[in-house]
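Data block below; observations after.
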Amino acid sequence: MKDKETADKLTSILRQNPTAFMELDFARSDNDYVHLPCDVVKHPKSVVFPAVKDLVLDSLKYRMGQQSDDGRYPLGWSFGDDEGLRKLQTKYETYLTLAMLEKLDRFDMIDR
């Protein structure tokens with residue numbers, strides 16, 4: 001945002017209660033559709049990252065532990081039992097796996 005004064009005001013507002021829309025019980029993501037701090041804060045340059053840094057990093061570590069043996073990141077919930085929905089879920093989990101790997105890279109959490 002080019003208007004620094006407005007950007008500073010908006011940042012201040014966002015940092016007042018940054019966890020209001022985040023699930024802080026990470027285990028709920030094992031079986032539910034929820035947004036952990038790392039799902040909301042997508043980049044370490046986010047204006048709210050400094051206010052929730054520890055939560056974001058801890059939730060990223062939790063997400064890393066959810067990786068399946070085959071390398072994918074499962075949803076934790078199902079699209080349904082229909083064959084077409086299962087195929088769609090597989091495709092979506094592939095997308096989520098790529099997104100998670102990109103996010104882990106942005107947060108410098110991938111060993112090279």
Side-chain angles (χ1 to χ4, degrees):
M1 183 176 279
K2 292 182 179 183
D3 181 353
K4 181 158 175 39
E5 183 178 337
T6 301
D8 289 345
K9 285 180 184 177
L10 291 172
T11 298
S12 175
I13 290 167
L14 288 171
R15 287 183 181 172
Q16 286 176 14
N17 191 8
T19 62
F21 50 92
M22 298 175 189
E23 178 57 57
L24 301 181
D25 179 1
F26 302 163
R28 284 203 53 218
S29 68
D30 293 339
N31 300 304
D32 252 336
Y33 177 72
V34 297
H35 296 279
L36 300 185
C38 67
D39 300 327
V40 176
V41 179
K42 304 202 181 288
H43 200 283
K45 291 183 181 178
S46 166
V47 296
V48 296
F49 181 64
V52 292
K53 179 180 179 179
D54 290 340
L55 288 170
V56 171
L57 297 177
D58 287 347
S59 63
L60 277 169
K61 290 174 189 169
Y62 191 86
R63 284 281 192 224
M64 289 170 70
Q66 290 177 314
Q67 188 176 27
S68 296
D69 290 339
D70 64 5
R72 69 185 165 86
Y73 283 90
L75 292 178
W77 48 276
S78 173
F79 279 9
D81 292 327
D82 178 74
E83 181 181 347
L85 290 175
R86 286 195 312 268
K87 287 180 181 180
L88 180 61
Q89 181 168 336
T90 299
K91 288 180 180 183
Y92 189 61
E93 287 176 339
T94 301
Y95 162 78
L96 287 178
T97 299
L98 176 59
M100 178 58 74
L101 293 172
E102 289 175 334
K103 186 181 300 184
L104 291 169
D105 187 48
R106 280 193 304 274
F107 283 89
D108 197 29
M109 296 184 77
I110 294 180
D111 292 334
R112 295 180 187 258

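In this chain, numbering begins with 1 at the start of the sequence shown. None of these values were measured; they are calculated from a predicted model.
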### Query
Can you list the residues that meet the side-chain hydrogen bond (donor to acceptor under 3.5 Å, both in side chains) rule with Lys87, with sequence neighbours excluded?
Glu83
### Summary
Grouping ILVMFWY residues whenever side-chain heavy atoms fall under 4.5 Å, the cluster of Trp77 otherwise contains Tyr33, Leu75, Phe79, Leu85, Leu88, Tyr92, Tyr95, Leu96
### Pairs satisfying side chain to side chain donor-acceptor pair (under 3.5 Å), at least one member in residues 40-51, at least two apart
none
#### Entry: Any residue meeting salt bridge (charged side-chain N to carboxylate O under 4.0 Å, His left out) with Arg86, in chain and number order, not counting sequence neighbours
none
### Task
Side-chain contact test, heavy atoms from C-beta onward, threshold under 4.5 Å: evaluate it for Leu24 versus Pro37 and give yes or no.
yes
### Counterpart residues, side-chain hydrogen bond (donor to acceptor under 3.5 Å, both in side chains), relative to Ser29 (two or more places apart)
Arg63, Gln66
### Task
Working to the nearest 0.5 Å, report the span between CG of Asp39 and CG of Leu36.
4.5 Å
### Query
Should we count CG of Asp82 as having more than 12 external heavy atoms under 6.0 Å?
yes
### Query
Applying the side chain to side chain contact (heavy atoms under 4.5 Å, CB included) test to Met22, which of Val52, Val34, Val56 qualifies?
Val52
### ring pair (Phe, Tyr, Trp, His ring centres under 6.0 Å) contacts touching residues 47-70 (sequence neighbours left out)
Phe26-Tyr62, Phe49-Phe107
### Task
Not counting sequence neighbours, list each pair that qualifies as a salt bridge (Lys or Arg N to Asp or Glu O under 4.0 Å) and has a residue in residues 96-105.
Asp105-Arg112
### Query
How close do Ser59 and Cys38 get, heavy atom to heavy atom, and via which atoms?
OG-N, 2.9 Å
#### Entry: salt bridge (charged side-chain N to carboxylate O under 4.0 Å, His left out) partners for Asp58, two or more places apart
none
### Query
CG of Asp70: more than 12 outside heavy atoms within 6.0 angstrom?
yes
### Query
With sequence neighbours left out, what residues match Asp32 under side-chain hydrogen bond (donor to acceptor under 3.5 Å, both in side chains)?
Arg28
#### Entry: Spacing of CD1 belonging to Ile110 relative to CE belonging to Met64, to within rounding of 0.5 Å
7.5 Å
### Message
If the condition is side-chain hydrogen bond (donor to acceptor under 3.5 Å, both in side chains), which residues does Gln67 pass it with, not counting sequence neighbours?
### Response
none
### Task
Taking salt bridge (charged side-chain N to carboxylate O under 4.0 Å, His left out) as the test, write out the residues that go with Glu93, two or more places apart.
Arg72
### Task
Report the residues that fulfil salt bridge (charged side-chain N to carboxylate O under 4.0 Å, His left out) with Lys53, sequence neighbours left out, ordered by chain and then residue number.
none
